[in-house]
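What follows is one structure encoded as structure tokens, with my remarks underneath.
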Amino acid sequence: MPEMNAVPALRAHYRLQWEPAQDCHVLLYPEGMIKLNGSAGEIMSCVDGERSVEQIISALQTRFPDAPGVAEDTLEFFTVAHDKRWLEFG
Amino acid sequence: MTSAGLNSAETGGSLVSPPLWLLAELTYRCPLQCPYCSNPLQIADLKDELSKDDWLSVLRQARELGAAQLGFSGGEPLVRGDLEELVVEARGLGYYSNLITSGVGLSEKRVAALRDAGLDHIQVSFQSSDSEVNELLSGSRKAFEQKLRMAEAVKAHGYPMVLNFVLHRHNIDQVEEILQLSERLKADYVELANVQYHGWALENREALIPSREQLERAEVVTNAYRQRHPEGMTLYFVVPDYYEERPKPCMNGWGNMFLTIAPDGAALPCHSARDLPMNFPNVREHSLKDIWYESEPFNVFRGDDWMKEPCRSCPEKDKDHGGCRCQAYLLTGDARNADPVCTLSPDRGLIDDALATANHHARQPVPMLFRNMANSDQLIASG
């Protein structure tokens, strides 16, 4: 589980983009592609190498005031994404 | 967080997903002569290459259909002087572009130019960790030193470093050295890919198949490295499917996500599909949309209506799609048969015989047919 003040950043050589044909965000990397579901795509879109985990959670809560468990979902996603080496914490 | 389901388009009464990966085989020309090349044996008959404008159109059409990953391959794609212009277009369209190269024909200047053009990744393939085996297998004396220099240049210019080693009987005992070399070059990813027996590799199968002991040792070395360096290079180890009991889910299904365009414009569901006796549509005559969704060759093995037993009633048919159509055709003579790699296939004996022969001959030299235009001409002449 990442610290709240950790700053997530996409690993070098990874690129996040919206794909209309697949109607989702994808992570692209050397000869690979990961389809992100809706919430994962929203979280990943906030990762800019500047904002902390806490700031990202706060931004998502503001954007989706009615969504339950945003903090838990975000922390869980960052844990998985770090384990899978999609992003690193600064 | 990933979802396996693909967004599908309703076409001709069946659900067909869009092509997500485009492999652009820019040329069959290559300065090397690797005897395990996956190119077709008839390369000498296929010299009429698409123009730059043809390729630009292919890139635009495939992106429009949904392709996001793009591989520039060959042959040796660096032979094409217009590669940089194609890379610029690919980046502008939003592809993640990968150059798959032997490194021969690359220069530090070109590495930088490709970076400026927007190329995302260069994969340098090696024949082995030492120059002797490398020279034997590639038919080039200077290739190894050149590859080393180019791998260093690739890293220096900020690309991810992906090294690809094609494994077979003559180098699989060097996995330890291969990993040391990869570490020295500061690789991020290392593919240890055993030869799959299509194209020229099938022609040279007897000389290339490793013994079971060799394969097991190589896996032990690979796993030991992973344990020692959990944060180190990411290693991919691809077993030769002859040693598996179930076939690979080839291309994740025929016409499901992969689209290859061959140097002459033939559109193929996989880069080995030319092994099949089919007339594949050409991008000079048809739009990619028609080719992908409407053409007979792209539809013929979609879904599972085409399957014969034992695949048709097999509970695993959705997992491996009956395996590789090319392998089924090349070894059994019928592309609708189960991939003979499967132990449930009545033709599995063909694989076991090949393995028995290979294990028997493992210590003896077997002559190899090198991949070049002269040998291709001879193969074509002899039918």
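Just so we're on the same page: letters track the sequence lines, and every chain starts at 1.
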Under 4.5 Å from any heavy atom of chain A - which part of B:Leu65: backbone
Closest approach of A:Ala21 to B:Pro18 (non-hydrogen atoms, all atoms of both residues): O-CG, 4.4 Å
pair B:Trp21-A:Met33: side-chain heavy atoms closer than 4.5 Å: yes
Criterion side-chain contact (heavy atoms from CB on, under 4.5 Å) on B:Leu20 and A:Glu19, from CA distance to verdict: CA-CA 10 Å; B:Leu20 302 180; A:Glu19 284 298 304; over 6 Å; no
Gap separating the OH atom of A:Tyr29 from the CG atom of B:Asn98, nearest 0.5 angstrom: 11.0 Å
More than 12 heavy atoms of other groups within 6.0 Å of B:Lys155 NZ: yes
B:Glu64, CD: over 12 other non-hydrogen atoms inside 6.0 angstrom: no
Residue part contacting chain A, namely of B:Pro230, when any heavy atom lies under 4.5 Å: backbone
Spacing of B:Met257 atom CE and A:Gln22 atom CD [to the nearest 0.5 Å]: 7.5 Å
Structural part of B:Glu231 lying under 4.5 Å from a heavy atom of chain A: backbone
A:His13: ring-ring contact (aromatic ring centres under 6.0 Å, His included) partners, not counting sequence neighbours: none
Part of B:Tyr159 lying under 4.5 Å from any heavy atom of chain A: backbone
Any pair counted as ring pair (Phe, Tyr, Trp, His ring centres under 6.0 Å), so long as it reaches residues 35-60 of chain A, sequence neighbours left out: none
Region of B:Gln123 that comes under 4.5 Å of a non-hydrogen atom in chain A: side chain
